[in-house]
Amino acid sequence: MAFKVLLTDYEFENLQYEEAVFQESGLDIEFIKAQCETEKDVIAQAKEADAILNQYAPISRHVIESLENTKIISRYGVGVNTIDLDAAKEKGITVTNVPDYGMEEVSNHALALLLSWARKVTLLNNEVKKGNWDFKASVPIHRFNKQTIGVLGFGRIPRRFIEKVKPLGFKTVAYDPFVTEEEMTAVGVHKMELDDIISIADYLSIHVPLNKDTFHLINDERLNQMKRNAVIINTARGPIIDEKALIDALEKGIIAGAALDVTEVEPVTSESPLLNMDNVIITPHSAWYSEEAMIELRQKAAKNIVHVLSGEKSPYALT
């Protein structure tokens with residue numbers, strides 16, 4: 001009897017990489033492709049699935065409780081905020097992600113946003129195109145070695161980001177409640193508490209996962225603790241920042257700017273004030289992307305399923 005593998009939803013032009021992994025596995029796999037949008041859609045499709053491959057469709061407690069045969073839920077990407085991990089664990093279902101596929105890409109993108117803001121590249125480009133050939137449009141710009149970058153999170157991506165930033169001269173400090181001071185000191189990073197970092201950072205780069213503890217981690221109270229010249233860089237998840245509070249802080253000059261690859265609602269709405277602010281850079285949740293990263297993501301997400309259906313433990317198991 002074939003294993004039923006359900007792909008809940010996808011935005012790829014084809015599924016050649018996933019299909020190749022399943023074909024080469026030696027397992028008898030029936031690969032079912034769907035485009036689920038709601039819990040109801042997933043329940044209708046997934047009830048008898050042995051494995052679920054998930055992009056954005058909600059895998060809630062209600063969905064998980066309806067599953068009869070599922071052994072693994074494999075998510076494309078690092079974040080697993082689409083999946084109720086507690087419910088999966090209670091039901092004995094393995095949940096996997098792909099935490100390392102975009103490490104270079106996301107850290108590079110965070111660096112690109114940092115440099116664009118620190119040297120006012122985007123601002124000056126726009127000014128020149130409007131006919132203003134004057135460096136004074138960028139005032140003030142400061143030397144990197146006079147500035148501090150606060151990094152929230154100390155996993156694979158932020159560590160790689162720090163490795164790339166440090167040679168430029170920035171002082172780096174980091175917050176991560178799950179990493180010891182000794183671990184950070186070993187790579188030349190000063191560990192600090194969240195509110196202390198927020199109060200001293202010239203640039204605040206966000207790399208924490210989205211969960212109940214990090215939802216609106218950056219809120220009105222914390223924005224008001226920041227320096228007036230501070231810039232927030234977010235390549236993690238949009239809801240980590242209270243976007244209404246961020247817009248208010250930007251409009252009132254409480255902080256200097258933001259460089260965002262993610263927003264609280266995606267795609268960002270055409271009515272969002274962020275789109276009309278010269279002190280905001282926005283890219284369309286593209287930090288993860290390179291051709292190589294996309295292939296690696298898709299292959300590893302499929303291989304997670306093969307591991308578990310073969311009776312093995314996935315190296316990326318979260319439950």
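Since the model is a prediction, treat every value here as computed from it, not as a measurement.
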(message) Applying the salt bridge (Lys or Arg N to Asp or Glu O under 4.0 Å) criterion to D202, which one of R143, K227, K146, K171 satisfies it?
(response) K227

(message) Using the rule that Ile, Leu, Val, Met, Phe, Trp and Tyr join whenever any side-chain heavy atoms are under 4.5 Å apart, tell me whether F144 and V121 fall into a single cluster.
(response) no

(request) Test Y76 against every option in E11, M294, K300, Q55 by the side chain to side chain contact (heavy atoms under 4.5 Å, CB included) rule and name the one that passes. (result) Q55

(message) Taking the side chain as everything from C-beta on, heavy atoms only, tell me whether W133 gets closer than 4.5 Å to V128.
(response) yes

(message) So which atom in L53 and which in A301 form the shortest heavy-atom distance, rounded to 0.1 Å?
(response) CD1-CB, 3.8 Å

(request) Go through the steps to decide whether M184 and E181 satisfy the test side chain to side chain contact (heavy atoms under 4.5 Å, CB included), and finish with yes or no. (result) CA-CA 5 Å; M184 291 191 186; E181 184 175 357; 5.9 Å; no

(request) State, yes or no, whether a side-chain contact exists between Y10 and E18 at a heavy-atom distance under 4.5 Å. (result) no

(message) Can you tell me if E193 has over 12 outside heavy atoms packed within less than 6.0 Å of its CD?
(response) no

(request) Please lay out, stage by stage, how I218 and I198 fare under the test side chain to side chain contact (heavy atoms under 4.5 Å, CB included). (result) CA-CA 9 Å; I218 305 302; I198 284 173; 4.0 Å; yes

(message) I'd like to check I83 versus L318 (side-chain heavy atoms, cut-off strictly below 4.5 Å). Are they in contact?
(response) no

(request) Find out if a path of hydrophobic residues (ILVMFWY) with successive side-chain heavy-atom gaps under 4.5 Å connects V231 to I281. (result) yes

(request) Can you measure from CG (L6) to NZ (K47) and round to the nearest 0.5 angstrom? (result) 14.5 Å

(message) Taking R159 first and then E163, would you say they form a salt bridge - that is, a charged N and a carboxylate O separated by under 4.0 Å?
(response) no

(request) State, yes or no, whether a side-chain contact exists between L217 and L152 at a heavy-atom distance under 4.5 Å. (result) yes

(message) Can you tell me which residue among N97, V80, D9 is in a side chain to side chain contact (heavy atoms under 4.5 Å, CB included) with N54?
(response) D9

(message) Would you say that more than 12 heavy atoms from the other residues, nucleotides or ligands in this model lie under 6.0 Å from the NZ of K89, or not?
(response) no

(request) Mind checking the CG-CD spacing from L274 to E243? Nearest 0.5 Å is all I need. (result) 5.0 Å

(message) I need the minimum non-hydrogen distance between R237 and H285, along with the two atoms involved.
(response) NH1-NE2, 3.8 Å

(message) Would you say that E292 contacts E296 through its side chain, given a criterion of any heavy-atom pair below 4.5 Å between the two side chains?
(response) no

(request) Look at atom CD of E221 and say whether more than 12 heavy atoms of other residues, nucleotides or ligands are closer to it than 6.0 Å. (result) no

(message) Whether the side chain of S290 engages the backbone of A293 through a donor-acceptor N/O pair (distance < 3.5 Å, no angle test) should be reported.
(response) yes

(request) Any chance you could lay out the side chain to side chain contact (heavy atoms under 4.5 Å, CB included) test for L223 and D248, step after step, and finish with the verdict? (result) CA-CA 10 Å; L223 286 163; D248 185 61; over 6 Å; no

(request) Give a yes or no on whether I157 and I240 share a hydrophobic cluster (residues Ile, Leu, Val, Met, Phe, Trp, Tyr; joining criterion: side-chain heavy atoms under 4.5 Å apart). (result) no

(request) Say whether, by atom type as modelled, one donor and one acceptor occur between the side chain of Q147 and the main chain of H142 under 3.5 angstrom. (result) yes

(request) Measure up the F170 and Y203 rings against each other and bin them: parallel (under 30°), tilted (30 to 60°), perpendicular (over 60°). (result) perpendicular

(message) Under a 4.0 Å threshold between the charged nitrogen and the carboxylate oxygen, would E65 count as salt-bridged to K91?
(response) no

(request) Output yes when a side-chain donor or acceptor of S74 lies under 3.5 Å from a complementary backbone atom of A302, and no otherwise. (result) no

(message) Looking at E90 and R61, is there a salt bridge between them, counting it only when a charged N and a carboxylate O are closer than 4.0 Å?
(response) yes

(request) Please report the closest heavy-atom contact between G257 and W117, naming both atoms and the distance. (result) CA-CZ2, 3.6 Å

(request) Consider only side-chain heavy atoms of I, L, V, M, F, W and Y, link residues closer than 4.5 Å, and tell whether I282 and I206 are in one cluster. (result) yes

(request) Under the side-chain hydrogen bond (donor to acceptor under 3.5 Å, both in side chains) rule, what do T235 and D261 come out as? Steps first, then yes or no, please. (result) CA-CA 5 Å; T235 53; D261 184 56; over 6 Å; no

(request) Identify the two heavy atoms, one from L309 and one from A51, that lie closest to each other, and give their separation to 0.1 Å. (result) CD1-CB, 4.2 Å

(request) To the nearest 0.5 Å, tell me how far H190 NE2 sits from T148 OG1. (result) 10.5 Å

(message) Is any side-chain heavy atom of K120 closer than 4.5 Å to one of F135?
(response) no

(message) Can you confirm if the aromatic rings of Y101 and Y316 lie within a centre distance of less than 6.0 Å?
(response) no

(message) Please give me the minimum heavy-atom distance between V5 and F22, naming the atom from each residue.
(response) CG1-CZ, 4.0 Å

(request) Please name the pair of heavy atoms, one in F154 and one in V179, separated by the smallest distance, quoted to 0.1 Å. (result) CD2-CG1, 3.7 Å

(request) Group every Ile, Leu, Val, Met, Phe, Trp and Tyr by side-chain heavy-atom contacts under 4.5 Å, then state whether L85 and Y56 land in the same group. (result) no

(request) Mark yes when over 12 heavy atoms from residues, nucleotides or ligands other than E266 sit less than 6.0 Å from its CD; otherwise mark no. (result) yes

(request) Mind running salt bridge (charged side-chain N to carboxylate O under 4.0 Å, His left out) on E19 and R298 for me, showing each step along the way? (result) CA-CA 10 Å; E19 289 169 343; R298 295 168 61 181; over 6 Å; no

(message) Using 0.5 Å steps for rounding, measure from the CD1 atom of I255 to the CD1 atom of I232.
(response) 4.0 Å

(request) Tell me yes or no: between the side chains of D41 and T38, is some donor less than 3.5 Å from an acceptor? (result) yes

(message) Taking the side chain as everything from C-beta on, heavy atoms only, tell me whether T263 gets closer than 4.5 Å to V265.
(response) no

(request) Kindly indicate whether the side chain of D134, heavy atoms from C-beta on, has any atom under 4.5 Å from the side chain of E127. (result) no

(message) If we ignore hydrogens and angles and just use 3.5 Å, is the side chain of N234 paired with the main-chain N or O of V262 as donor and acceptor?
(response) no

(message) To the closest 0.5 Å, what do you measure between CG (L7) and CZ (F12)?
(response) 8.0 Å

(request) Show your working on side chain to side chain contact (heavy atoms under 4.5 Å, CB included) between L260 and V268 and close with a plain yes or no. (result) CA-CA 11 Å; L260 310 171; V268 65; over 6 Å; no

(message) Can you tell whether the side chains of E312 and K303 come within less than 4.0 Å, N to carboxylate O?
(response) no

(message) Whether the H62 and E39 side chains hold a donor-acceptor pair (N or O, under 3.5 Å, no angle test) is what I'd like checked.
(response) no

(message) Nearest 0.5 Å, please: how far is CG in L115 from OG1 in T122?
(response) 11.0 Å

